[in-house]
Amino acid sequence: MFFLTTAIDYTNGSPHIGHAYEKVLADVIARYRRLTGEEVFFLTGVDQHGQKVQQTAEKEGVSPAEYVKTVTARFSALWEKIGVEYDGWAETTDARHITCVQSILADLHAKDQIYKKSYKGFYSVRQEQFLTDRDRNEAGEFGAEWGEVTEIEEENYYFKLSDHTPWLREFLEKSDDTILPAFRKSELLNALEKNTGADLCISRPKDRLTWGIELPFDPDFVTYVWFDALINYISFVGYTPDDSLPEFESIWTDRPVHIIGKDILVPAHGIYWLAMLHAIGFTDEKMPQLLVHGWWNKKNQSGEEEKMSKSLGNIVDPSELADTFGVDALRYYLVRDIHTGKDSNFDLDRLVMLFNTELANELGNLCNRALNMSVRFTEGIISPGGPLTDDDTALQQSLIDNTAAYRKAMDNHEISMGLEALNRHVVHCNQYAEKMKPWELNKDLAHKDRLATVLHHLAESVAHCAVLLSPILPDASAKLAAQVKLPNLTDLKLDDLKWGLIPSDHEIEKPSPVFPRIDMKSLSEDA
Ligand code: MSP
């Protein structure tokens, strides 16, 4: 089983483009793996506890439970709107999750992995964590990223993280495929070096925070939000400490892939989560792989790239984008204009340009011209014709080579490079059409077979492209399959793809554009 998860989003505010990117990336990877024939379980959801949620709910004059319900609905509505299809949905206020977190805590407590101590130190409300001198900036201060910082002294429970860091260091050093892409591994190892000896505070006193999961061994405390949230990856697939359900054994069969943003690798996933799993009893062979993606930033008026944040007021709303430009344009842009692992700059002009050039002008044009000419010149009948010329075999070779390049890129989670390979074949096809000039061939009956061959090569390519595009744009892919009158194309697996998807004497009808051009002028007139 290919078990794939994303980070669960804080239910504090509305979903933004960063959340949407991560979920679309996961959705594309899940659909691609299904296309390779693998069984897939895709889990995503929302992180509903913590001090920030409690504070925002208070400000809005509603209970935290009511507040998270409203915000959760915004997330799930967005995923439905933009075609993010998951198999499991994690909400951390769910009773199933709470029971699992509490039984893990009780188990670790019984195994002496949790102890109580008093600690005096600086605390960041925004990040909901204690700070140390290592968190000060060069000027010796706690920077703006920590928000309000106060000094507090309190008793809390600690998880013996330090018992597991020697194992973690050794495990990471010898593993080349736990942290993807690999360049992030050194960042994690450096952080681990600094972290030696530190344990993790996993509780918050109820007089400060009530909106959390109560500790099973001390009702005066709730669980630290990260300790609670990370457990979603196992609680929602049937894990229990003493006797996991068959469901768990069937889903967590190998190493799952957790997709996360670069901001939550260190320390949350790379240190806390792996150490927690080790303490719980997971073996090295069952440790998750962390696929760490970069950030979508936004250029400010001086042209500098900035993080998107509520305080800077530069948040992009994915739902509005889907309304304005369509779901296809949004999904395509989100995985096309970023290399997995790297940052990118969110740019509306590029969203429109990429849709108009690669989808409307190239793939859409290929589909329209291939099918329109078949309707006009061969009464809608597509047949192989023959014999083949060098141009025909070169087109078939381009399809073989680019499908292989697509698969290699997609296997490495490099969606943008997968799409580049697909586009290379489409461009090849359009150049082939220009060179073969079927409209000229149509003028002379003597070229009837040649005309059939050319149109067949173009239509066959459209059929292949519909399958290759399906993880990224499932709806558009189904429309392309319907236009070539092969609705079953969408049931094919990648290994079924070979020349000859279109049967002999196959009849099609006049197409209608699957990718109508986005016209910025008329959009601004509408606004
Ligand atoms: N609740 C935690 C995750 C807990 S996982 C057990 C959290 N939530 S979040 O809402 O702040 O972020 C959710 C995901 O969105 C993270 O992986 C984060 O990196 C990602 N993104 C948030 N802003 C982003 C961008 N601007 N660009 C790309 N992804 C970013 O962290």
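Residue indices begin at 1 and follow the sequence shown. Read the numbers this way: they start at 1 and go in the same order the structure lists the ligands and their atoms. Remember, predicted model here, so these are calculated numbers, not experimental data.
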**Student:** For atom 18 (C) of ligand 1, find the nearest protein heavy atom and state the residue, atom name and distance (0.1 Å precision).
**Tutor:**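 The answer is Asp263 OD1, 3.6 Å.
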**Student:** N/O of Tyr233 under 3.5 Å from N/O of ligand 1, yes or no?
**Tutor:** no
**Student:** Give the numbers and elements of all ligand 1 atoms closer than 4.0 Å to a heavy atom of Gly261.
**Tutor:** 17 (O), 19 (O)
**Student:** Taking the six-membered ring of Tyr158 (Phe, Tyr or Trp), confirm whether the NZ or CZ of Lys116 is under 6.0 Å from its centre and within 45° of its axis.
**Tutor:** no
**Student:** Sort out for me which residue in Thr92, Leu43, Leu230 forms a side chain to side chain contact (heavy atoms under 4.5 Å, CB included) with Ile8.
**Tutor:**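 Of the listed options, the one satisfying the test is Thr92.
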**Student:** Checking a contact table here: which protein heavy atom is nearest atom 27 (N) of ligand 1, and how many Å away?
**Tutor:**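 Ranked first by proximity to atom 27 (N) of ligand 1 is Trp296 N, 3.0 Å.
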**Student:** Under 6.0 Å from the six-membered ring centre of Phe355 and within 45° of its axis: does the NZ or CZ of Arg350 meet both?
**Tutor:** no
**Student:** Does the Lys NZ or Arg CZ of Arg208 fall within the cation-pi geometry relative to Tyr123 - under 6.0 Å from the ring centre and within 45° of the axis?
**Tutor:** yes
**Student:** Using the six-membered ring of Phe221, assess whether NZ or CZ of Lys206 lies under 6.0 Å from its centre and within 45 degrees of the ring axis.
**Tutor:**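 No, Lys206 does not sit over the ring of Phe221.
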**Student:** Based purely on interatomic distance, does Trp226 place a nitrogen or oxygen under 3.5 Å from a nitrogen or oxygen of ligand 1?
**Tutor:**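 N/O-N/O distance below 3.5 Å does not exist for this pair.
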**Student:** With a 4.0 Å cut-off on heavy atoms, is Ala268 touching ligand 1?
**Tutor:**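 So Ala268 does not count as touching ligand 1.
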**Student:** Distance under 4.0 Å to a non-hydrogen atom of Asp47: what atoms of ligand 1 satisfy this?
**Tutor:**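 Every atom of ligand 1 under 4.0 Å from some heavy atom of Asp47: 1 (N), 2 (C), 4 (C).
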**Student:** Where does Lys307 meet ligand 1, judged by heavy-atom distances below 4.0 Å: at the side chain, the backbone, both, or neither?
**Tutor:** neither
**Student:** For His16, state whether at least one heavy atom is located under 4.0 Å from any atom of ligand 1.
**Tutor:** yes
**Student:** Which ligand 1 atoms, with their elements, are less than 4.0 angstrom from a heavy-atom of Gly294?
**Tutor:**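 Ligand 1 atoms under the 4.0 Å threshold to Gly294: 28 (C).
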**Student:** Take every heavy atom of Trp273, measure it against each atom of ligand 1, and state whether any distance is under 4.0 Å.
**Tutor:** no
**Student:** If you apply the rule side-chain contact (heavy atoms from CB on, under 4.5 Å), what do you find for Val222 with Leu215, and how did you get there?
**Tutor:** CA-CA 5 Å; Val222 296; Leu215 294 188; over 6 Å; no
**Student:** With a cutoff of 4.0 Å, is Glu22 in contact with ligand 1, counting heavy atoms of the residue only?
**Tutor:** yes
**Student:** Is the closest basic N to carboxylate O distance between Lys298 and Glu305 below 4.0 Å?
**Tutor:** no
